[in-house]
**Student:** 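Starting off with a structure, shown below.
Keep in mind that the numbers below use all heavy atoms, side chains included, and drop hydrogens, waters and symmetry copies. Not measured: the values here are computed from a predicted model. Numbers for residues simply follow the sequence, beginning at 1.
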Amino acid sequence: SLLAQQATQTAWPFVVSRWKGLGAAIDWRFRFRPIDLAIGLGTAVMALGLAALAGGLASSLVDLSDSAQAENTEFLVAAKGTPWLVVFILGAVVGAPLSEELMFRGLIMRAVEKRAGRIVAVLGSTVLFTLVHYGSDRGWDGTIVLFASIGAVGLVLAVVTMAVDRLWPAIIAHMGFNAIG
């Protein structure tokens, strides 16, 4: 189901862009420049720092007793020692960043930007990105801490995407962030 979700989430922006837009390069700035590697890696470091800060602050506010409640990597732990671990790691490090960036910073952020402006687009795509990481098994306090961390990452990725006017730095940063996580 993970692979099907990522394939659909990756394909849908291309379908919409072809159907209603001008293509991926124009609609959501899906073009690559060599500097995007450095920007992406710098953004990953910035996202890690901001996620740790936001998560730490949220954790102290809700007095989270078990930090495992604020993680979203339980599927990797469950796959430990099975052949599925490699598939899940590739899905988490390559598939999720690519599909999520195409959907949230590519399709959604750019569509909202056209209709409501840059600030609403950055905030709206960040909120939606955060909400899709919800898991009902972590409790309210774990959810708040996870949302603070994920929201911080989404905000950094959205701001950088808007600032450089290209999608690849966010994709590379998201891959780096997930690989370290």
**Student:** Atom CG in L155, atom CD1 in I150: separation rounded to 0.5 Å?
**Tutor:**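 CD1 of I150 is found 13.0 Å from CG of L155.
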**Student:** Could you identify which residues cluster with I26, counting Ile, Leu, Val, Met, Phe, Trp and Tyr as linked when any side-chain heavy atoms lie under 4.5 Å apart, either directly or through a chain of such contacts?
**Tutor:**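 Answer for I26: L22.
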**Student:** Could you tell me whether the side chain of T43 and the main chain of I39 form a donor-acceptor pair under 3.5 Å?
**Tutor:** yes
**Student:** Which is it for L123 and I119 under the side chain to side chain contact (heavy atoms under 4.5 Å, CB included) test, yes or no, and what are the steps along the way?
**Tutor:** CA-CA 6 Å; L123 295 176; I119 293 172; 3.9 Å; yes
**Student:** Taking atom CG of L37 and atom CD1 of I172, what is their separation to the nearest 0.5 Å?
**Tutor:** 4.5 Å
**Student:** Going through the distances and angles, do H174 and F104 end up as a ring pair (Phe, Tyr, Trp, His ring centres under 6.0 Å)?
**Tutor:** CA-CA 12 Å; H174 197 153; F104 296 103; 9.2 Å; no
**Student:** What distance do L167 atom CG and T161 atom OG1 have between them, rounded to the nearest 0.5 Å?
**Tutor:** 5.5 Å
**Student:** Enumerate the residue pairs fulfilling salt bridge (Lys or Arg N to Asp or Glu O under 4.0 Å) with a member in residues 145-169, sequence neighbours excluded, ordered by first and then second residue.
**Tutor:** R29-D165, R31-D165, D36-R166, R110-D165
**Student:** In Å and rounded to the nearest 0.5 Å, what is the OG to CE distance from S125 to M109?
**Tutor:**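 Taking OG in S125 and CE in M109, the distance rounds to 5.5 Å.
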**Student:** Relative to each other, are the rings of F32 and W168 parallel, tilted or perpendicular (30° and 60° limits)?
**Tutor:** perpendicular
**Student:** Run F30 and F14 through side chain to side chain contact (heavy atoms under 4.5 Å, CB included) and show every step you take.
**Tutor:** CA-CA 11 Å; F30 192 53; F14 286 101; 3.9 Å; yes
**Student:** Suppose clustering is done on Ile, Leu, Val, Met, Phe, Trp and Tyr with side-chain heavy atoms closer than 4.5 Å. Which residues sit in the same group as V153?
**Tutor:** L48, L157, F177, I180
**Student:** Within the distance-only criterion (no hydrogens, no angle test), does the side chain of N178 pair as donor or acceptor with the backbone N or O of A92 below 3.5 angstrom?
**Tutor:** yes
